[in-house]
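To keep things clear, I will list the structure first and then write my remarks on it.
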Amino acid sequence: MGSIIDGSLWYFSLTVFVIGVVWNLVRIVFGKRKADFSIPRDSAVAGALRTLISRFIPDRHMLPRISLQVVAGYMFHLGLFVLLFFAAPHVRFLDEHILGFGWSPAPHWLFIVSAQFAFLGLIMLWLHRVINVVSRLISDRGDHIAAILTFVVMLTGCLALLETFNELRLLHRLSVELWLIYFPFSRLMHAFTFVPSRMFTGAWFGRRGVGS
Amino acid sequence: MSESLERGLNKLRSQIDPQVRSFFSTCVHCGICAETCLFFTETRDPRYTPIYKTEPLRKLWRQEYTFWGKLAGKLGITDPLTEQDLADWETLVYDGCSMCGRCSMVCPLGIDISKIIFKVKTGLATAGYSPKDLAETTQRAVDIGSPMGVKIGALQAQIKHIEDDINLKIPIDVEQADYMALLSSMEIMYFPEYISALAQIFNHAGVSWTLCSEAFEATNSGLQIGNTEVAGVLVERIVAGAEKLKVKNVISPECGHAYTAIRWEGPNFIGRPYSFKVVHILELLDELQQSGRLKLAGMETERLTFHDPCSIVRRGGIDSEPRNLLRSFTENFVEMTEHGTMNWCCGGGGGVNSNERAEPVKLQAFNRKKSQLDELDVETIVTSCSNCRLVIEEGLEANDMDINIVGLTEMLAEHLVDGTAH
Amino acid sequence: MARMKFYCDAERCIECNGCVTACKNENDIPWGVNRRRVVTIRDGEKGERSLSVACMHCSDAPCAAVCPVDCFYTTADGVVLHDKDICIGCGYCFYACPFGAPQFPENAAFSSRGKMDKCTFCAGGPEQDHSSDEFKKYGRNRLAEGKLPLCAEMCSTKALLAGDANVLSDIYRKRVINRGASVLDWGVNYDSAKL
Amino acid sequence: MKFLSIFALLLFVATPLAGFAAEDDKVHQGIFVENPGTDLWRDVRQRNFAMEGSSQVKSVDSNILINPQGDEWARFRVGVLVRFASITLVIITGLLLLHYVTGGRMKIEGGRSGRVLLRFSDFERVAHWTLAIIFLFLAITGLMLLFGRPVLIPLFGHELFSLLASASKEGHNLIGPIFLVSLVLVLVRFVTRNIYASGDLNWLLKGGGLFGRSHVSSGFFNLGEKAWYWILILAGLVISVSGVILVMPNFGQGREIMEMSHKVHSIAAIVLIAVSMGHIYLATAGTEGTLEGMKTGYVDLKWAETHHDQWAQECQDKNLTISSEEFARLQGKAVDKSSTVAKEQG
């Protein structure tokens, strides 16, 4: 079992992830689009880049009504980012198994604090999803699976923090592999597709000279 | 499966392009768009959540374009898009969305929700699921040339009136004019002041312009109902008129969706670029003002605000022009808290105002504008869309609010120094 | 069977820290872990005494009692050892031990202490004797080689003794008899002397 | 607990005195030389305080030769605490079961009314369930560490339990600090509704209606709920602060502080777990219709009148109740809103 998780299943999941993500992005970025015959008022490229950045910042007037999603969302995403790419065991893993080079990891306390942010953020986001009538209405099975799977990955990672029990490490890795396989077929793709989506919309607004 | 449903589904399928794919696979269903939508904020009915209104197209996409949908199809577990779905979403999309595009401005993932909603509309319209009133106006627009049934005779009568009034000749069918002005039926019927304002301003600034007897109607019911073929036919008429008169520019009137239809979507509806340019009246006025061709006198002293028509400002980029113009002849211009590209819609765009059935929802949605106005305590609202103007007038009346509403162009015309600038 | 004990003669210990150094060197102990330490009481005052302390290999060890995963065991020689494969690094043994013997390789925030480490009486751990695993986790297994802990072997004044409890107490009794009184009582030549 | 070694140490320390006393008379007759060690070792062995010396080794408590409190703490941990915890949890479970089987489940008086009113906002429910999820996780992992050795090791063996315990400990340490954050959210959000109000004493005197079949008048929260709130807040804060002390060994706090923190932490946690069981029971199996308030945010008017009549009256006075049709609409379950509205209009 351990050898499958560390070996073939790992390579399989990584292959599915990479090919799936690239295929999805290729279809989106290079897919056939209708030409727009109208004369632009302003630059589409500038609009695309502007929107790509500007949507990180929520609208000032909206903020009081969506503060929970914004705060929890930022906590989760920033926490996950730091913990994913700057936790010492992850940096070591990326160095040894994938990239062949590493970078200096975050100190242990930062790793843990970012994990705590990520946990609290994810729990609150998921609860908001099931509690708020709007998000409950529009959420489907895929949203819940994605959230729970991500939670499981984080939880198994957290349980394996002592880095001594091989079974716990395997459990974490197995959940990561399932997550990777699920990724390209699911809502998790938003981690990549938010870029083309924002740029499409930004380019559209840009052509029309709207500051979006 | 009925034939019309099949047609509708095919139409929807044809709408799924890389953008739609990107949008649907990006949406994480956070629900933030709900709080941007005045139909949701004023009714608290979660079904008015913008992204929920795109559900028919999403369902089709899921079913036919995603791994899980295809897998379920192979296994024989399908959840196809049914007539009932289309019927349910007809009321949501036509009555509960003014296509204002506020959601598209706020979505953190950058999804242009209102664009997808339009795509849903095209599918619904093709399948025959559209409000009776809108279908009728569309038919009128195709048959008579105006959604309100205004014929050239009516326009000529109105023009005669105006000419007598202001002592100016209104040019009709003048070939090789610089500008060909379009009008919306509403302006002809309810707000002829706009036509006289145009005549006065252009006379003052020495602009060579004309109306076209074969193509004076700017509105496009095809766009409102989501029938791209009809939209194309209506645009084609304007293009034919403009090409026949060999004008350099076509002026889109103070009407929101007309601007979108003729300026932005028109070339795509007919599938080719224009041989002329399209400008919005505010763009032209601002240009005249900047180049010093408008001599204005007197300042409006009352406290007034500007209502941004969604199609012109948020979806059209004409944001600074009305403000520049207003500041040149008003002293007491105040902005609503959320203005410009983040303005709240009047609630009657996207065909909602032409849809009798949507009346109660529209009035409820107007509460948003009402609370914005209550905050400001203004005497006058200036706007630049005859549809907004009608909806706001109606809303003000229903709420017993004593506020004037005027079009920007006519207000500007009142401040012209007598005589021509040249 | 023998019962292994340490004994440190406070009248002899000169706080040279030789035992500490010997222990660290023999067992390849990282910085921050101090299996053995010398504590000086009343440093620089009258009656100053030093003692070398490490795990005392208690017969009824409190560390073993509180361990939530029950990783301690006592060998036939009476040496208290623990299994690092079972240890979860909770720190309870450190709270319970009167001598402060349990050590943790790390001391970072959020209780990441790593696995507990302590004096093994140079007796290794549960792994195969003299295996490299055993050495990595627990240090040298001198007992299996028939040798006593190096700290005691190295003690220059023979203050620190290690071995069977009975033998140690015999040695000590003899010392006391021969010594008669404290050699370190500097008061003898002055006030207290009534010669 | 006896430590032979401590006795051995004492013995060795004491023997010089004895030996000296015996030999002294022979060798240095008439001279009395006080053994300077006796007082010293007596001090070192003093109960209740650890004597500080100095050491070349620099680490936490390295200058303390003997810490006698460790023994006391160990007795507390393996004896008192395990007994106290198991007895408390068994008793509370028994009481709740007894209440349930004797028909203690409180029904909505007179059935549902069909009108509902908002009890908890989205944010309040998110805060509650965040706290609940974190609390349950911490309670389970904490109890694993407490009862693992007597209960789970015999079942799973040392190795498997060690794995579970490691997972529990790492999880407990990582998630623990979040508890404080969610507790503060709940503290801030609910504090105004949990202040003592007149009438609460009356509720208490009537036993909260828990045992009789009559209900006692109360506002938004009754005294029982207020008591639970304050137990949660106080015990929760105690648990959080002591937990933070335990989880941050890097600040160099010594064993005595750690031992004290652990005692406080574990007792407060057991108390909180016991009381929370009561809370969970009353909110689910114990009363009809209560859980809805935390699920949808809305409760039936009759439920409110049964349990919180004063609050129900206030809401009715302010016209805050809504029909079940309106409730369905707000939940997005309206069938065809615009057409029904049109009918009403027409």
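In what follows, chains are A, B, ... by sequence order, proteins preceding strands, each numbered from 1.
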Donor + acceptor pair across side chains of [X], [Y] (<3.5 Å):
{"X": "A:W179", "Y": "A:T150", "value": "yes"}
{"X": "A:R55", "Y": "A:T201", "value": "no"}
{"X": "B:S22", "Y": "A:S197", "value": "yes"}

Could you tell me which portion of [X] (side chain, backbone, both or neither) has an atom closer than 4.5 angstrom to a non-hydrogen atom of chain A?
{"X": "B:T36", "value": "both"}
{"X": "B:R44", "value": "neither"}
{"X": "B:C27", "value": "backbone"}
{"X": "B:S320", "value": "neither"}
{"X": "B:I270", "value": "neither"}
{"X": "B:D319", "value": "neither"}
{"X": "B:E283", "value": "side chain"}
{"X": "B:S25", "value": "both"}
{"X": "B:Y65", "value": "backbone"}

- Query: Do we get A:R173 above A:W10's six-membered ring, with its NZ or CZ under 6.0 Å from the centre and within 45° of the axis?
  - Reply: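 Yes, cation above the ring, under 6.0 Å and within 45°.
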Among the options [options], pick out the one with the most heavy-atom pairs lying under 4.5 Å from chain B.
{"options": "A:K32, A:K34, A:H61, A:R129", "answer": "A:H61"}
{"options": "A:I57, A:D59, A:L25, A:D42", "answer": "A:D59"}
{"options": "A:R198, A:R208, A:M189", "answer": "A:R208"}

- Under the 3.5 angstrom rule, does the side chain of A:W103 hit a backbone N or O of A:F85 as a donor-acceptor pair?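 Yes; judged by distance alone, with no hydrogens or angles, the pair exists.
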- Residue pair A:F37, B:W264: steps toward the ring pair (Phe, Tyr, Trp, His ring centres under 6.0 Å) verdict: CA-CA 8 Å; A:F37 294 113; B:W264 297 111; over 10 Å; no
